[in-house]
Amino acid sequence: MEVAKHWREAPERYRLEASKCNKCGKILFPSRLICPQCDCEEFTKINLSGKGTLVTYTIIRTAPPGFGDLAPYAVGIIELEEKIRILAQITDCNPDTLNIGDKVISKFRRMSEDGKTGMIYYSYKFVPDVGV
Amino acid sequence: MRDVAIIGIGMTKFGELWEKSLRDIAVEAALKCMKDAGTKRIDSITIGCMSSGLFNGQEHLASMISDYLGNKHTPATRVESACASGGLAVRTAFMEVASGMSEYALAIGVEKMNDVSGDKATEALATAADGDYEAFHGINFPGLYALMAKAHMHKYGTTRDQLSQVAVKNHHNGSLNPHAQFPMEITKNTVTGSARVADPLYLFDCSPVTDGGAAVLLTTVEEARKLGKQPIVVISGIGVATDTIQLCQRKDILTLEAVKLAGERALKMAGKTIRDIDFAEVHDCFTIAEIMVMEALGIVEPGQGGPATESGLTALDGKFPINPSGGLKSKGHPVGATGVAQICEAVTQLRGEAGKRQINNAKTALTQNMGGSGGSCVIHILEVK
Amino acid sequence: MIGIVGYGTQIPRYRITVEEIAKVWGADAPSYKKGLNLNEKSVPAPDEDSATLAVNAARNALIRANVNSKELGAIYVGSESHPYAVKPTGTIVSEALGCSPHVHTADLEFACKAGTEGMFIALHLVKSGVVNYALGIGADTSQGAPGDALEYSAAAGAAAYVMGRDNLVAELLDTHCYMTDTPDFWRREHAHYPEHGGRFTGEPAYMKHVSGAVKAILDKTGMKPEDFDYMVFHQPNGKFPVQMALKLGFKEPQFKHGLLTPTLGNTYSGSSPLGLAATLDIAQANQTILVISYGSGAGSDAFIFRTTNRLLEVQNLVPKIRTQLDEQKMYIEYGAYTKFRRKILKPE
């Protein structure tokens, strides 16, 4: 039962909370203690817009444990408006219809659970930006 | 730094070794290695093993393996860098000898993956990725490499056939290797006829789950001469580099920066360029990996890995043979053992003892061992002195 | 003046038709469609639940409201399918919106009227002056037992309302609540599916409380059915609310925009809140809307709103209900439906 580990990730998973380096402006998701660009150790918290473009994706057909019920599902690397990249599932779509370059937006979704009686884990996922 | 030679190599068969435990496999490889070296003296042991904790419920391998190797109270270290643990173990043994800390340093790579279910093995392997930002989101290793494959096909026009050719070539080489897990020839149709794992990759694009162990014994060139070793195979260059653990944070997801830098560092130390290398053992955990590694090492230009494979550049009789052992795909991939097994193959080739898979005139070799989706890389340059 | 500052909704993209369900159980689809005035319903994806629908609806509401989540003083989530039996959905929503820690949060339950309960409390909390803005959300992903009549209609969706004093899109004119202890529909702990009283759910339950609330609020305000531009009733199917509305003296043009069940199904705590949102999507300024919810057990909450000019400025800021209902639908078969709804499970 890994309660603390998941609770700690809530700002990132629930709100796409990132850090902006106070010195060079680099945006870091997830947040870090030291900026890889300028070594500065001071940051300001920001929330990412959740809007982006699909850089690449795959369709997982042989799923890892815990994700078998979802297969086949798409996982992709998305480049957000803020010019940083994030890996996430692409949901609410027929994965076979996705294309590199598709516009996607983030949604709050249910990721997995620790069995039928354990904690439920929520997180960001992305959906094709089709106006719904 | 003193010059370091490899005077002994040993490997177990790679495969599903139901009757052998983790310690059996490690010790068997080490004993074979010591017999090959013709000496019983070991001043230090370095063990490369990715996760005996998750696969076998066993840590503290330093004590256990030194103990079961004869309990000579030998100093022992375990190192880990996911799938590059084996390469790192060889480097650590090299440093022991080069620095004067030890005269005879043994490096053992081992992984016993089949004592847990397929699901548990997948979970253990997933710890080589970023747990909170990759594995949590339902991606596995085939998925991470599939992300690279799809982008590679999109940008460079790499074809499905070219990916399949990597597996076909490696299986051909593996069919000539008595240690290989899957020593059978296959065709491109075998690859695309196998189960789809993560588009565009099929089961046969992926290296298997394997039990196995490999060991090398290092000493000074001077000691090697005293022992009358002929030819003397030396490690003339080592390069290690790390990169972001998350694939999406790489500067360019199609450039394996860790491989590129490790290669540059190793070649610089050896005083060589990639043109001086006769053949390479590379980390084909997935077919796309071999293609991208070729490009990162500068064997071909970026994007040209597919066409080069298709044209036969990397075949056993090609201008730059890659994975004469059969690679991870056909030989097998007991994670911690792979890096050491690559060294064993390179030494075998350089000694002229590779039988049906012998590369003609093999004088200089490069071995490339990689962790996770490219987060770490260890490269060795070996040559005949 | 208090009222709605912003509203937002989230409806899943998946759908299943009455024909598809009837086929499996050997039932007569046309008679179900006619009897329920229902063609298809929304199905939550395996990665959706009441919490996710609530968050996504609330985010849309905050955009229309143009209010920073940190200004919310209270958040109420009403559902009969809260993800945990014990652990608040409200805290998950608060965290996802970035409201915590200085906010009052509660989970509400009252069968299908848990959503309007939250709206009622949010409105009156703002009125009392204790908070500046409060959020009331109705969200559900309820289940119907396989082969039961409710399986055709049990759907999923969420609507969220930011209530406040300024920049209203709709002013609150009055509220009324009508409630008795009536056992028309219930679910015991550990029971997977609810049970209901068959025909008892009609007159003594839905009809009595809806008409009771309507009569009371009309008396209170001195208004008559013809005074309203629009009305929204709780809509467990496409039949009851229409029968009820006509009987009470309302006409089709008044309720047709808010009647979503025929292509959405019954979204339980989201039912009348979504009907209201659909009405707000198309309303002009200065129009009156009567909203009557119904929750089994039983009770009705009544609200009268009057729209403002500002409504027209926000309608298009986020996806409208008609867009979500008519476009980008993904139809699934019964097998996928049972897997999505966890009616069949792989062994552990």
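Hydrogens, waters and symmetry mates are skipped; everything else that's a heavy atom, side chains included, is used. Chain identifiers are assigned alphabetically (A, B, ...) following the order of the sequence lines, protein sequences preceding nucleic acid strands; residue numbering begins at 1 within each chain.
- Using a 4.5 Å cut-off on side-chain heavy atoms (C-beta onward), Leu87(A) and Leu147(B) make contact.
- Highest contact tally toward chain B, considering only Ala74(A), Ala71(A), Ser123(A), Pro72(A), is held by Ser123(A) [criterion: heavy-atom pairs under 4.5 Å].
- Interface residue Tyr124(A): backbone and side-chain heavy atoms are both found under 4.5 Å from chain B.
- Neither the backbone nor the side chain of Lys125(A) comes within less than 4.5 Å of any heavy atom of chain B.
- Glu264(B) is linked by a salt bridge (Lys or Arg N to Asp or Glu O under 4.0 Å) to Lys260(B), counting only residues two or more places apart in sequence or in another chain.
- Scanning residues 7-14 of chain A against chain B with a 4.5 Å heavy-atom cutoff picks out Glu9(A), Glu12(A), Arg13(A), ordered by number.
- Other residues, nucleotides and ligands contribute only 12 or fewer heavy atoms inside 6.0 Å of the CD atom of Glu301(B).
- Around NZ of Lys188(B), the count of heavy atoms belonging to other residues, nucleotides or ligands within 6.0 Å exceeds 12.
- Although no hydrogens or angles enter the test, the distance criterion places a donor-acceptor pair under 3.5 Å between the side chain of Thr58(A) and the main chain of Asp199(B).
- With chain B as partner, the option from Ile59(A), Ile78(A), Ile77(A), Ile84(A) having the largest number of non-hydrogen pairs under 4.5 angstrom is Ile59(A).
- A donor-acceptor pair under 3.5 Å is formed between the side chain of Thr62(A) and the backbone N or O of Arg196(B).
- Taking CG of Leu201(B) as the start and CZ of Arg61(A) as the end, the distance is 12.0 Å to the nearest 0.5 Å.
- Interface residues of residues 25-57 of chain A toward chain B, defined by a heavy-atom distance below 4.5 Å and sorted by number: Phe29(A), Pro30(A), Arg32(A), Val55(A), Thr56(A), Tyr57(A).
- For residues 134-145 of chain B, a heavy-atom distance under 4.5 Å to chain A picks out Glu134(B), Ala135(B), Phe136(B), His137(B), Gly138(B), Ile139(B), Asn140(B), Gly143(B), Leu144(B), given by residue number.
- Note that CG of Leu247(B) and CZ of Arg85(A) are 9.5 Å apart. Values are rounded to the nearest 0.5 Å.
- Residues Gln246(B) and Ile86(A) form no side-chain contact, since every pair of their non-hydrogen atoms from C-beta on lies 4.5 Å or further apart.
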